[in-house]
**Q** 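Quick one: this structure, given as C-alpha cells, is what I'll be asking you about.
What you see is a predicted model, and the numbers here were worked out from it, not measured in a lab. Protein chains get the first letters and strands the later ones, always in sequence-line order, with residue 1 at the start of each.
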2 protein chains.
Amino acid sequence: MRPEDAAAIRNLPLFRDAQEETFGDLVRAGFLQRFPPGVVLINERDPADFLHVVVEGLVEMFATSEGRETTISIVRPVGTFILAAVLNDQVYLQSARTLEKSQVLMIPAEMVRAALGTDPAFARAVVTELARGYRRAIKEVKNQKLRSGAGRLANWLLREDVIQGASGVVNLGFEKRVLSSLLGMTPENLSRAFSTLRARGVAVQGAQVRLTDREGLVRFARPDLLIDSDE
Amino acid sequence: MRPEDAAAIRNLPLFRDAQEETFGDLVRAGFLQRFPPGVVLINERDPADFLHVVVEGLVEMFATSEGRETTISIVRPVGTFILAAVLNDQVYLQSARTLEKSQVLMIPAEMVRAALGTDPAFARAVVTELARGYRRAIKEVKNQKLRSGAGRLANWLLREDVIQGASGVVNLGFEKRVLSSLLGMTPENLSRAFSTLRARGVAVQGAQVRLTDREGLVRFARPDLLIDSDE
DNA sequence: CGACTTATTGATGGTAGTCAATAATGGTGG
DNA sequence: CCACCATTATTGACTACCATCAATAAGTCG
C-alpha cells in the first residue's frame, strides 16, 4: 500500500481516533487487492468475512430479490462498506461490484470485532459510523417514500453539484443505468426525468449535466435537510 | 415503575448485558411518563434529548417533507427508539406519536452517552442494536424499491401472522390508514391491495385478516429472508 | 471498423395517487 | 346504553406516474 493511501485510511472517521496499535493490527491483517471493473466483490447471503475499504476506484452496492435488482449506494474512496454485517457476524444484505478498476482493502471481520473490545476509541468511532449509516438509510427510505422520480433526480443533482464544487456542472461518475437504479427508477424513466428537468435549466450532454438555473431547480426540488444533508 | 416493567426493560437486548450500576443509573435518571393516544412525543428537527423506551402502548414513528407524511415504523413494548440521534447528539430524523394510551421511559441522552464510555458491555450492546437498526432500514429500502404495494402488503401479512402465533388470523394492531402509510401507499390503495389478495385467500373483516390459503399467499408474496426476516 | 452495450424516444399498459361519494366504525356526551 | 358526530374505510372515476416493449441512435471497446 502506498503511504498516502494508508494515511487516507487512517484519516477515515472510523479509524481516526483508533490507537496506533489497533490501526496497525487491522491494516497488517488486511489484504489490499486490485480488481478490474465489473467484478463482484461480495454476494448478499454470504457470511460477512471482511470489512471492505475502497482505497481507489468505485464500488456499487446493490441488492436483488426475485429477479429484480436495485442499487443501494455508491462507495467512493475512501469509504467502507458492510460494517454492520461484520459487527454482528451476519450475512451480507447487499452485494458489491466494482464499477471501475479499483483497489480494496479487506480486513478480516474477526479482527474488527476484536478491536472493538480492546480499543474504546475505536469502539466509539464504530458507534458513530453505524449511527451515521443508520440515519443515511432512514433518509433514503424517506427519499423513496416521499418523493417522485423527478424529485429524487433533482435533489440528487443539487447535492452532487455541491459535492463536486458547486460549479454548476455535474459529472456523472457512472453510467446513467446505474444512476437510475440508485434513484429507484428504470433507465427509460431517468431519461424522461431529465427531459422534465430541462425546463428547470438542466442540460444533459453525455456524462455531463449543466445546471443553468439553480434557483429554479431548487424551487422544483425543494431539498430537505432531513433527507439530503450529510448530517 | 412496576417491577415487571423494569424487568422487561432490563431484558431488552440493549440493556441485558449492561452492568447493574449502568442500568440503575439510566433508569433512575429516566422519567416514566404516561400519554393519551395521539400525542406527539418527539418532533423531527428537534435536538435529541432523550432515548425513549416504550414500556406500554404503541408508538408510531413517522416523517414529513413538503406536506407529505409517511410512517417509518411502529414501536411496540418493549422497544426503544431514536438511539442513533441520541448517540451522535443530532436532531431527530423522525417524529413519534402515541397510537394508544402509552407509557414511555425517557432517558436523558447525556446519560446514555456517558454509559457508553464507562460500560463496555453496554457499548457492545449499543453496537449490536445500531447494526440491527441499520440493517432493518436497508431491508426497508429494498422492500420499497423492489416490490409493488400488493407485494409489500402480502409479505407484511405473512410476517405479522408468524409474529402473532401463526394462527392464520392477523389482528391489525392499528388503523388501516397507518398501515397504508407504513407500507408506502394511500389508504385507498391499501383497500385495493386487500381486494387483490382476496383471490389469494386473504379475507378482511374490520381489524381482523384471515389467511385461508397460506401456500397461495406465499406463492404470490415470494418472501425473501434478506428483506423479511428479523435477522 | 464492427459488435455490443448504453441511451433515448415512442407507444402502451399497469400501478398508484387524487378527488368525490358513500358506508362503516368508533368515540363522546347525554 | 344509545344516539350522534367525527373519523376511517371503501368504492368508483379519473389522472399521473412509472414500467415494459420496441425501435433507433449513440457510445464503447476489442
**Q** Nearest-Å distance, CD (A:Gln144) to P (C:dG17)?
**A**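 For the pair A:Gln144 CD and C:dG17 P, the rounded distance is 13 Å.
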**Q** B:Lys101 NZ to C:dG27 P: how many Å, rounded?
**A**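 The distance from NZ of B:Lys101 to P of C:dG27 comes to 13 Å, rounded to the nearest Å.
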**Q** If only side-chain N and O atoms of B:Thr186 are considered, is one of them under 4.0 Å from the OP1 or OP2 phosphate oxygen of C:dG17?
**A**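 True: B:Thr186 side-chain N/O within range (under 4.0 Å) of C:dG17 OP1/OP2.
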**Q** Let me check something: any side-chain donor-acceptor pairs from residues 187-207 of chain A under 3.5 Å, sequence neighbours excluded? List them with distances.
**A**
{"unit_1": "A:Ser195", "atom_1": "OG", "unit_2": "A:Ser191", "atom_2": "O", "d": "3.2"}
{"unit_1": "A:Thr196", "atom_1": "OG1", "unit_2": "A:Arg192", "atom_2": "O", "d": "3.0"}
{"unit_1": "A:Gln205", "atom_1": "OE1", "unit_2": "A:Arg210", "atom_2": "NH2", "d": "3.2"}

**Q** Provide, to the nearest angstrom, the distance between the CG atom belonging to B:Leu99 and the P atom belonging to D:dT8.
**A**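 Answer to the nearest Å: 11 Å.
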**Q** From CD of B:Glu100 over to P of C:dG26, roughly how many Å is that when rounded to an integer?
**A**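 It is 14 Å, rounded to the nearest whole Å.
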**Q** Quickly work out the A:Lys145 NZ to C:dG17 P distance and round it to whole Å.
**A**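 These atoms are roughly 11 Å apart.
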**Q** Could you give the CG-to-P distance, from A:Leu146 to C:dA16, as a whole number of Å?
**A**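 The distance from CG of A:Leu146 to P of C:dA16 comes to 17 Å, rounded to the nearest Å.
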**Q** What does nucleotides 3-13 of chain C look like as a protein-contact string, B for base, S for sugar-phosphate only, - for none, at under 4.0 angstrom between heavy atoms?
**A** ---SSBBBB--
**Q** At what distance, to the nearest 0.5 angstrom, does CD of A:Gln33 lie from OG1 of A:Thr98?
**A**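 Separation between the atoms: 12.0 Å.
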**Q** For A:Phe81, what residues pass the ring pair (Phe, Tyr, Trp, His ring centres under 6.0 Å) criterion, not counting sequence neighbours?
**A**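 So A:Phe81 forms a ring pair (Phe, Tyr, Trp, His ring centres under 6.0 Å) with A:His52.
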**Q** Let me check the geometry of the helix from C:dC1-D:dG30 to C:dG30-D:dC1. What is the bend angle between the axes at its two ends, five pairs each, to 10°?
**A**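 Result, rounded to 10 degrees: 50°.
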**Q** Under the ring pair (Phe, Tyr, Trp, His ring centres under 6.0 Å) definition, can you give me all pairs with a residue in residues 128-157 of chain A, not counting sequence neighbours?
**A**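 Every pair satisfying ring pair (Phe, Tyr, Trp, His ring centres under 6.0 Å) with a residue in residues 128-157 of chain A: there are none.
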**Q** Using side chain to side chain donor-acceptor pair (under 3.5 Å) as the criterion, list what pairs up with B:Gln208, not counting sequence neighbours.
**A**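 Here the qualifying residues are B:Asn171.
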**Q** Looking across every strand, which nucleic acid part, if any, lies under 4.0 Å from B:Arg147 by heavy atom: base, sugar-phosphate, or nothing?
**A**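 It contacts nothing in the nucleic acid.
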**Q** Mind checking what makes ring pair (Phe, Tyr, Trp, His ring centres under 6.0 Å) contact with A:Phe15, not counting sequence neighbours?
**A**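 A:Phe15 satisfies ring pair (Phe, Tyr, Trp, His ring centres under 6.0 Å) with A:Phe23 only.
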**Q** Rounding to an integer number of Å, can you tell me how far B:Leu172 CG sits from C:dT25 P?
**A**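 Answer to the nearest Å: 13 Å.
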**Q** Just to verify, which of A:Lys101, A:Arg34, A:Arg76, A:Arg2 counts as forming a salt bridge (charged side-chain N to carboxylate O under 4.0 Å, His left out) with A:Glu56?
**A**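 Going through A:Lys101, A:Arg34, A:Arg76, A:Arg2 one by one, the salt bridge (charged side-chain N to carboxylate O under 4.0 Å, His left out) with A:Glu56 is satisfied by A:Arg2 alone.
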**Q** Looking at residues at least two apart in the chain, or sitting in another chain, which of them share a side chain to side chain donor-acceptor pair (under 3.5 Å) with A:Lys176?
**A**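 Once residues adjacent in sequence are excluded, A:Lys176 has no partner under the side chain to side chain donor-acceptor pair (under 3.5 Å) criterion.
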**Q** Between atom CE in B:Met185 and atom P in D:dC18, what is the gap in whole Å?
**A**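 About 17 Å, once rounded to whole Å.
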**Q** By side chain to side chain donor-acceptor pair (under 3.5 Å), which residues pair with A:Glu69, not counting sequence neighbours?
**A**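 Side chain to side chain donor-acceptor pair (under 3.5 Å) list for A:Glu69, sorted by chain: A:Arg97.
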